[in-house]
> 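Shown below is the structure under consideration.
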Amino acid sequence: MDDIRWGIVGPGRIARGVAADFEHVPGAILAGVASRSAERSAAFAADFGVEKSYGSYGEIIADPDIDVLYISTPHPQHHAIALAAIAAGKHLLVEKSFTATVAGAEQIVAAARHKGVFVMEAMWTRFQPTMVEVRRRVEAGEIGDVRAVQADLGVDRPYDPRDRLFDPEQGGGAMLDLGVYVVSLAQWFLGTPEKTHVVGSLAPTGVDMEAAILIDFGDGKAASLVSSLRQASPGSARIIGTKGVIEIPPRFHHPASATITVHGQEPEVIDAPPLGTGYSHELIEVTERIKGGHTESEVMPLADTLTVQRILNDAAEQLGVFHSEDDSVDV
Ligand SMILES: NC(=O)c1ccc[n+]([C@@H]2O[C@H](COP(=O)([O-])OP(=O)(O)OC[C@H]3O[C@@H](n4cnc5c(N)ncnc54)[C@H](OP(=O)(O)O)[C@@H]3O)[C@@H](O)[C@H]2O)c1
């Protein structure tokens, strides 16, 4: 099959990291980049040797020469772009958090399934070689029945109301930006929860600054998680089973190694660094799945994305943070 032709929508900070990793992705070409400003997309295209640049999102969505779009705008702007792109028959990789609201996520999933295009949330953690091996060990039963997941992810971000992370219009707050990693990890190993409990604090703009989240997965299985913009917590994780434990060192969301300790045995180090910065692995997944004619990833399926989104919005709303989609985006 021909190479898969990728386009980027929203050439901001993360898009630069992802663009640099395309050199590690066989069968994929970064062929286009779209910004709300023709100057910004042209500058990005020049930096990364991208063939085409567009001065609006609508132009790249309408271009039949592009197969798949990577949406790297802030969370509330994913919804309108994704729906327009799906209607145009584009496959999608959508940055985390998938959307700002549960209803928005459900609409994208329904539209993707109706149209038969591939859509995946860009939860790159699940594709890191170390995490792939961790998952394999857990599925093989090496640590027994998983009973608990513990994880934290915090940064010490100076308060600035114009910063995306503190701006409600850009889906600010720790929950959608960092909480999504700890919640997605818990959901991957523990499934669908029964109840979520949360305590936290808010920034002056009204977005969540930090949260301690306790998720009840039934029968005593639980996840205890922390996300914060107020403290640079280490960013480590533990998966605890009846027969052993897997410890993922900082920063657990893109690890180069992990340690598995089965009770009564010596600890074993899983050493599997990522290719490039580590975004390459999710790009490989999407490229290969599209080539194979699939509409979802088995590793990051849309059902998991919906479950994670429900937990995130539930937790945010318990803290008094009610996100909304920005459907004013020009597509
Ligand atoms: N996987 C990861 O490691 C990782 C890390 C950081 C962030 N992310 C995710 O990536 C997304 C973007 O984060 P970022 O840090 O790259 O943000 P950013 O630097 O602010 O870039 C976002 C881009 O989106 C476009 N955009 C469209 N509508 C916008 C609006 N109303 N306000 C602001 N920008 C708008 C802008 O590009 P134009 O105006 O030029 O079109 C902007 O450059 C978020 O969903 C975030 O969670 C992922």
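When a ligand or atom number is given, it counts from 1 through the structure's own listing order. In this chain, residues are counted from 1 in sequence order. This structure is a prediction, so every number in the text was calculated from the model and none was measured.
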> On the 0 to 90° scale, with breaks at 30° and 60°, tag the His253-Trp124 ring pair as parallel, tilted or perpendicular.
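Perpendicular: the ring planes of His253 and Trp124 meet at over 60°.
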> For Ala31, check side chain to side chain contact (heavy atoms under 4.5 Å, CB included) against everything at least two apart and list the hits.
Arg5, Ile29, Ile66
> Only distances under 3.5 Å count here; give the side-chain donor-acceptor pairs of residues 196-207 to other protein atoms, sequence neighbours excluded, each with its distance to 0.1 Å.
| residue | atom | partner | partner atom | Å |
| --- | --- | --- | --- | --- |
| Ser201 | OG | Glu210 | OE2 | 2.9 |
| Ser201 | OG | Arg230 | NH1 | 3.0 |
| Thr205 | OG1 | Phe166 | O | 2.6 |

> Anything under 30° is parallel, anything over 60° is perpendicular, the rest tilted; go ahead and classify Phe48 against Phe44.
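It falls in the tilted class, 30° to 60°.
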> Using side chain to side chain donor-acceptor pair (under 3.5 Å) as the criterion, list what pairs up with Glu282, not counting sequence neighbours.
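Checked Glu282 against side chain to side chain donor-acceptor pair (under 3.5 Å); zero matches.
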> Identify, chain by chain and in numerical order, each protein residue with a heavy atom under 4.0 Å from an atom of ligand 1.
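The answer is Gly10, Pro11, Gly12, Arg13, Ile14, Ser35, Arg36, Arg40, Tyr57, Ser72, Thr73, Pro74, His75, Gln77, His78, Glu95, Lys96, Trp124, Arg164, Gln170, Asp177, Tyr181, Tyr279, counting any residue whose heavy atom sits under 4.0 Å from ligand 1.
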> Starting from the C-alpha separation in whole Å, work towards a yes-or-no answer on side-chain contact (heavy atoms from CB on, under 4.5 Å) for Val226 and Val182.
CA-CA 7 Å; Val226 167; Val182 290; over 6 Å; no
